Protein chains: 2
Amino acid sequence: MDQVELFKALANKTRLQILTWLKSPEEHFPDYEPACGSTDVGVCVGYIQKKSGLTQSTISEYLSTLHRVGLVSATRVGQWTYYKRNEETIATLGNLIDTL
Amino acid sequence: MDQVELFKALANKTRLQILTWLKSPEEHFPDYEPACGSTDVGVCVGYIQKKSGLTQSTISEYLSTLHRVGLVSATRVGQWTYYKRNEETIATLGNLIDTL
DNA sequence: AAGATATATCGACTTTTTCCGATATTCCAA
DNA sequence: TTGGAATATCGGAAAAAGTCGATATATCTT
């Protein structure tokens, strides 16, 4: 786990927001439901994109960034990709801070 | 405390190194001593610069960045500026991660 | 007061990041 | 199997960050 890359991924307002949104999807995504909202695999790109106000390509890239450093997991189901927080990495990040 | 700015400051290899160097100055700065090394105000810019291998201006700016976000404290004594970890902010950062 | 030393700031250039629109890919449904 | 929907990828323009050398500022010494 590259510390610098991890911090870079977190050094962006929108990416940070996505991470907090994913903490309680029911709260942050109005029409979150088991269709594109699914049960527990996460939230699909479109929902996140709409909420962010940025373009589809930008959000897709941001999610890919978060995924690359392991902050979220990605699950493809049909035409949707569900993104979900990876609590394990986030916890590890906490420890990392301590070793800072 | 701006989260994004904090993460930006940490999203750089050299700045991260500086932070860890300052954790145990005696260990990381060979000729650390109460002259420019002082007792407990921190380590002067020159020492950090030499160890980093980057130019004086770059390191001065990096330290200023770390100081701006509160990760280090700066104490001017004579012609030297001593930089020291600000453990308080670093601890707060740990909590911040938890609220992520 | 003048020169030397430590640090800060400025201007420039290069690299990286941010974000976009357009296009490609994948999968579903009719 | 063709069209539509969701996502990914590509290419680019603009902004920000990295990094330097040169210069400015502050302080110490003589």
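Just so you know, these numbers come straight off a predicted model, no measurement behind them. Chain letters run A, B, ... following the sequence lines, proteins first, then strands; residues in each count from 1.
Contact record, A/K23 with B/T99: NZ-O, 2.9 Å, taken as the closest heavy-atom pair. Heavy atoms only, all atoms of each residue included: A/Y83 and A/A74 are closest at CE2-CB, 3.5 Å. Closest heavy-atom contact between B/W80 and B/C44: CD1-CB, 3.8 Å.
Here B/K84 pairs with B/D40 under the salt bridge (Lys or Arg N to Asp or Glu O under 4.0 Å) rule; sequence neighbours left out. Under the rule for a salt bridge (Lys or Arg N to Asp or Glu O under 4.0 Å), A/E61 has no partner lying at least two apart in sequence or in another chain. Looking at residues two or more places apart in sequence or on another chain, you find no salt bridge (Lys or Arg N to Asp or Glu O under 4.0 Å) involving B/K51.
For the pair A/I48 CD1 and D/dA6 P, the interatomic distance rounds to 14 Å; values are reported in whole Å. Counting to the nearest Å, the C1' atom of C/dA8 and the CZ atom of B/R68 are 14 Å from each other. Distance A/K13 NZ to C/dT18 C1': 14 Å, rounded to the nearest Å. Summarising the geometry, the separation between CD on A/Q49 and C1' on C/dT18 is reported as 16 Å, rounded to the nearest angstrom. One interatomic measurement links the two molecules: CD of A/Q17 to C1' of C/dC19, which rounds to 15 Å at whole-angstrom precision. Distance CG (A/L66) to P (C/dT18): 11 Å, rounded to an integer number of Å.
Distances shorter than 4.0 Å separate some side-chain N or O of B/T81 from OP1 or OP2 on C/dA8.
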Inset, instruction - Could you walk me through whether B/E5 and B/R68 pass side chain to side chain contact (heavy atoms under 4.5 Å, CB included), step by step? - result: CA-CA 9 Å; B/E5 290 307 310; B/R68 180 162 26 82; 4.2 Å; yes
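For A/S57 and B/L63, each mapped to the nucleotide of DNA chain C holding its nearest heavy atom, the one lying further toward the 5' end belongs to B/L63.
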Restricting to nitrogen or oxygen on both sides, can you table the protein-nucleotides 14-19 of chain D pairs closer than 3.5 Å?
{"from": "D/dA17", "atom 1": "OP1", "to": "B/K8", "atom 2": "NZ", "distance (Å)": "3.1"}
{"from": "D/dG18", "atom 1": "OP1", "to": "B/N12", "atom 2": "ND2", "distance (Å)": "3.2"}
{"from": "D/dG18", "atom 1": "OP1", "to": "B/R15", "atom 2": "NH2", "distance (Å)": "3.3"}
{"from": "D/dG18", "atom 1": "OP2", "to": "B/R15", "atom 2": "NH1", "distance (Å)": "3.2"}
{"from": "D/dT19", "atom 1": "OP2", "to": "B/Y62", "atom 2": "OH", "distance (Å)": "2.2"}

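Every pair passing side-chain hydrogen bond (donor to acceptor under 3.5 Å, both in side chains) that includes a residue from residues 85-95 of chain B is listed here, sequence neighbours excluded: B/R85-B/E87, B/N86-B/T89.
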Inset, instruction - Quick one, give me the B/S/- string for nucleotides 24-30 of chain C, reading 5' to 3', where B means a protein heavy atom under 4.0 Å from the base and S means that only happens at the primed atoms, P, OP1 or OP2. - result: ---BS--
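The base of C/dA8 sits within donor-acceptor range of the side chain of B/Q56, with an N or O pair under 3.5 Å.
Remark: the B/S60 side chain and the B/S57 side chain contain no N/O donor-acceptor pair separated by less than 3.5 Å.
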